J.: 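Mind looking over this structure? Questions follow.
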Amino acid sequence: MHDKLFHSPVALTVGLGFKREIVSLAEMHDFLTDWTTSRRGPLYRNAVKACDLAVPGYVTIEQARRALVEFAQAASILWPDLEPAAGVHAVARGYGGYAA
């Protein structure tokens, strides 16, 4: 597999509070392949599919990364310090300002 890098790593909590950073499609694939069978659900399957589709370019690398982030959030393994803006959406306010 020709490796494709994410624009920024996805940090995950693994084991007893250890951090693992996923920086590419190959690492995402390896992590998902090793994920415990009993904890695989719809968001896991979405992440696997996005990873598989990103390799030949059917979806973007960032779409695959986002699928991994969504899976990690649902599985409560997303490292809290690296994805602070993942759920923030800019909302237009009067006078040209924005609110999160």
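Please read these numbers as outputs of a predicted model, since none were measured by experiment. Residues take their numbers from the sequence shown, with the count starting at 1.
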J.: Which distance, rounded to the nearest 0.5 Å, do you find between the CG of L5 and the CD1 of I22?
T.: 12.5 Å
J.: State which residues pass ring-ring contact (aromatic ring centres under 6.0 Å, His included) with F31; sequence neighbours excluded, sorted by chain then number.
T.: W35
J.: Determine which pairs satisfy side-chain hydrogen bond (donor to acceptor under 3.5 Å, both in side chains) with at least one residue from residues 41-52, sequence neighbours left out, and list them in order.
T.: R40-Y44
J.: State which residues pass side chain to side chain contact (heavy atoms under 4.5 Å, CB included) with A47; sequence neighbours excluded, sorted by chain then number.
T.: M28, L32, A67, F71
J.: Quick one: list whatever passes side chain to side chain donor-acceptor pair (under 3.5 Å) with R20, sequence neighbours left out.
T.: none
J.: Which atoms form the tightest heavy-atom contact between A11 and K19, and what is the distance?
T.: CB-CD, 3.8 Å
J.: Applying salt bridge (Lys or Arg N to Asp or Glu O under 4.0 Å), which residue pairs with at least one partner in residues 70-80 are found, sequence neighbours left out?
T.: R66-E70
J.: Using side chain to side chain donor-acceptor pair (under 3.5 Å) as the criterion, list what pairs up with T13, not counting sequence neighbours.
T.: none
J.: Please identify each residue that fulfils salt bridge (charged side-chain N to carboxylate O under 4.0 Å, His left out) with E62, with sequence neighbours left out.
T.: none
J.: Kindly give the heavy-atom pair with the smallest separation between L78 and Q73, and that separation in Å.
T.: CD2-CG, 3.4 Å
J.: If the condition is side chain to side chain contact (heavy atoms under 4.5 Å, CB included), which residues does T36 pass it with, not counting sequence neighbours?
T.: S38, R39
J.: Test of understanding: clusters of I, L, V, M, F, W, Y form through side-chain heavy atoms closer than 4.5 Å, transitively. Do Y58 and I61 belong to the same one?
T.: no
